[in-house]
Amino acid sequence: MTASTYRQALISKIEVPVTQGHVMVGSVRTSYLCSGSGAPVVCLHGAGAGAVTWYPTMGALSRHFQVIVPDIVGFGESDKPDAPYDRAFFAGWLKGFLAELAVSRAHLVGLSQGGAIALQFVLDNPEMVDRLVLVDAGGLGAKASLRSLLGMLWLNNFPSGLANRFYSRFILFNPANRDPDHARYSVAVLKGDGGKKAFRQGKGAAVSKIPESALRRITHDALIIWGEDDKLFPLGHGEAASKLLPNASFVRISKAGHLPLMDQPDIFNDAVVGFLTEGKWSKKQSPKSHVSHQAATPECQWSAMAER
């Protein structure tokens with residue numbers, strides 16, 4: 001089995017039509033997934049695997065929005081150049097990616113390292129972001145425990161199924177909640193050409209702490225979601241950040257770890273859809289009740305660059 005086989009298996013589980021495409025961002029060939037129509041929502045995965053990390057969420061979001069999910073440079077099927085892999089590098093790449101797709105403004109949803117990238121992007125380009133969702137985000141001062149750090153080092157330097165199973169206990173409340181093909185794809189990407197560059201060359205710079213003074217400048221409506229049992233980035237860092245961002249709300253999800261979208265997909269999706277459509281989240285609401293009031297855009301309109 002190959003990385004592309006695992007990736008395609010995950011895409012097939014999204015249960016809505018998904019466009020697979022690519023664009024050139026400077027010299028970086030960037031792959032992406034897209035589904036749905038409406039106002040654009042850009043989802044940024046964490047420091048592993050790629051766009052298919054969002055397989056539990058793309059379908060729910062695409063009922064209301066045009067969902068654009070890139071393989072961030074250095075991950076997935078995108079190019080993996082020699083680079084600093086710090087927040088400035090990733091934020092610059094993201095701006096170029098959105099320019100290639102002619103997206104001038106979007107909702108931004110960032111998971112883990114993707115959350116740190118989203119924070120840097122909104123600081124650098126506030127006019128390009130509508131609402132902001134941070135999911136167990138990096139950049140907020142959390143430091144991995146010794147055991148989770150050892151697991152991270154093991155997986156990223158000597159990727160294997162065994163290393164992945166060990167590390168999974170630190171990112172999931174219940175490792176069985178993750179589709180096995182996602183675990184396999186994560187390992188396959190790391191074993192591929194350049195798969196270890198982002199980890200080795202970035203050296204954690206992308207998730208280094210963002211100054212509190214900078215966080216206070218983010219005035220966008222924001223939702224911070226955290227798995228209550230996150231063993232990688234403790235819950236308290238998310239709660240503290242919600243008090244720094246002037247217009248942030250905080251949602252904690254029980255029986256969920258660092259990847260609440262996998263541990264508790266229904267609750268997670270309800271929270272994100274509710275916030276992006278209505279600017280709020282309520283446990284009493286269901287995703288089907290939410291209606292987007294934002295201007296629609298054509299469904300995945302970059303067909304010249306895409307393969308369905």
Side-chain angles (χ1 to χ4, degrees), residues 39-47 65 72 84-99 103-145 202-228 230-253 256 258-261 268 271-282 294:
V41 175
V42 178
C43 297
L44 303 174
H45 62 80
F65 302 99
I72 294 172
Y85 291 104
D86 55 13
R87 279 194 301 274
F89 170 73
F90 284 121
W93 160 83
L94 179 56
K95 186 174 184 179
F97 172 70
L98 294 179
V103 174
S104 59
R105 186 175 173 87
H107 298 307
L108 209 52
V109 184
L111 166 67
S112 190
Q113 179 175 277
I117 296 169
L119 284 165
Q120 188 64 54
F121 186 82
V122 74
L123 285 167
D124 294 345
N125 309 280
E127 75 286 352
M128 295 184 68
V129 178
D130 193 346
R131 289 176 178 157
L132 176 67
V133 180
L134 302 172
V135 185
D136 294 71
L140 300 177
K143 294 184 179 180
S145 67
K203 300 177 181 178
V207 296
S208 61
K209 187 176 181 180
I210 297 170
E212 292 185 359
S213 58
L215 295 176
R216 290 191 179 96
R217 296 203 308 268
I218 300 174
T219 58
H220 300 64
D221 288 341
L223 178 66
I224 300 176
I225 302 176
W226 223 269
E228 201 169 75
D230 189 339
K231 295 181 177 66
L232 194 64
F233 294 168
L235 179 78
H237 294 279
E239 289 181 314
S242 70
K243 297 172 183 176
L244 293 172
L245 275 66
N247 296 305
S249 300
F250 185 76
V251 170
R252 56 194 293 166
I253 299 180
H258 190 64
L259 302 177
L261 69 166
F268 177 84
V272 176
V273 171
F275 173 70
L276 293 182
T277 55
E278 304 294 341
K280 59 185 178 181
W281 177 69
S282 168
Q294 302 180 59

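Bear in mind the structure is a predicted one, so any value in this text is a computation, not a measurement.
Residue A142 comes nearest to P234 through the heavy atom pair CB-CD, 4.1 Å, listed as atom of the first residue, atom of the second, then distance. Residues A222 and L245 approach most closely at CB-CD2, 4.0 Å, considering heavy atoms. Considering every non-hydrogen atom in both L134 and A118, the closest pair reads CD2-CB, 4.3 Å. Of all non-hydrogen atoms in I225 and A271, the two that sit nearest each other are CD1-CB, 4.1 Å. What you find for D124 and P126 is that their closest heavy atoms are C-CD, 3.5 Å. Between P260 and G227, the shortest heavy-atom contact is CG-N, 4.3 Å.
For the atom pair CZ (R131) and NE2 (H107), the distance works out to 6.0 Å, reported to the nearest 0.5 Å. The distance from atom CG of D130 to atom CG of D221, rounded to the nearest 0.5 Å, is 8.0 Å. Between the CG atom in L215 and the NZ atom in K209 there is a gap of 9.0 Å [rounded to 0.5 Å]. The distance from the CG atom of L94 to the CD atom of Q120 is 11.0 Å, given to the nearest 0.5 Å.
Within the 4.5 Å cutoff, the side chain of L123 has heavy atoms near those of the R217 side chain. Looking at L140 and L119, their side chains come closer than 4.5 Å, going by heavy atoms from C-beta outward. Residues I210 and R87 meet the side-chain proximity criterion, which asks for heavy atoms closer than 4.5 Å. Under the 4.5 Å side-chain criterion, counting only non-hydrogen atoms from C-beta, N125 is not in contact with L98. Inter-residue side-chain proximity for V135 and F268 is flagged as met; some heavy-atom pair is nearer than 4.5 Å. Looking only at side-chain heavy atoms (C-beta outward), V109 and F275 stay at 4.5 Å or farther from each other. Between L259 and L111, the closest side-chain pair of non-hydrogen atoms falls below 4.5 Å. H258 is listed as a side-chain neighbour of S112, based on a closest heavy-atom distance under 4.5 Å.
Taking the six-membered ring where the residue is Trp, F90 and Y85 present tilted rings, their angle falling between 30° and 60°.
K243 has no carboxylate O lying under 4.0 Å from a charged side-chain N of E239, or vice versa, which leaves the two without a salt bridge.
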Stepwise, does the side chain to side chain contact (heavy atoms under 4.5 Å, CB included) test hold for I72 with F97?
CA-CA 10 Å; I72 294 172; F97 172 70; over 6 Å; no

Begin with the C-alpha distance, continue with both residues' side-chain angles, and end with the deciding distance and a verdict on side chain to side chain contact (heavy atoms under 4.5 Å, CB included) for V41 and V272.
CA-CA 11 Å; V41 175; V272 176; over 6 Å; no

Show the numbers, then the answer: is there a side chain to side chain contact (heavy atoms under 4.5 Å, CB included) between L232 and D136?
CA-CA 9 Å; L232 194 64; D136 294 71; over 6 Å; no

Report the C-alpha separation of F250 and L235 in whole Å, then their side-chain angles, then the decisive distance to 0.1 Å, and conclude whether the side chain to side chain contact (heavy atoms under 4.5 Å, CB included) test is met.
CA-CA 11 Å; F250 185 76; L235 179 78; 3.7 Å; yes

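Between the side chain of W226 and the backbone N or O of H237 there is no donor-acceptor pair closer than 3.5 Å. Formation of a donor-acceptor pair under 3.5 Å by the R105 side chain with backbone atoms of E127 is found in this model.
When ring centroids are compared, W93 and F89 stay outside the 6.0 Å threshold.
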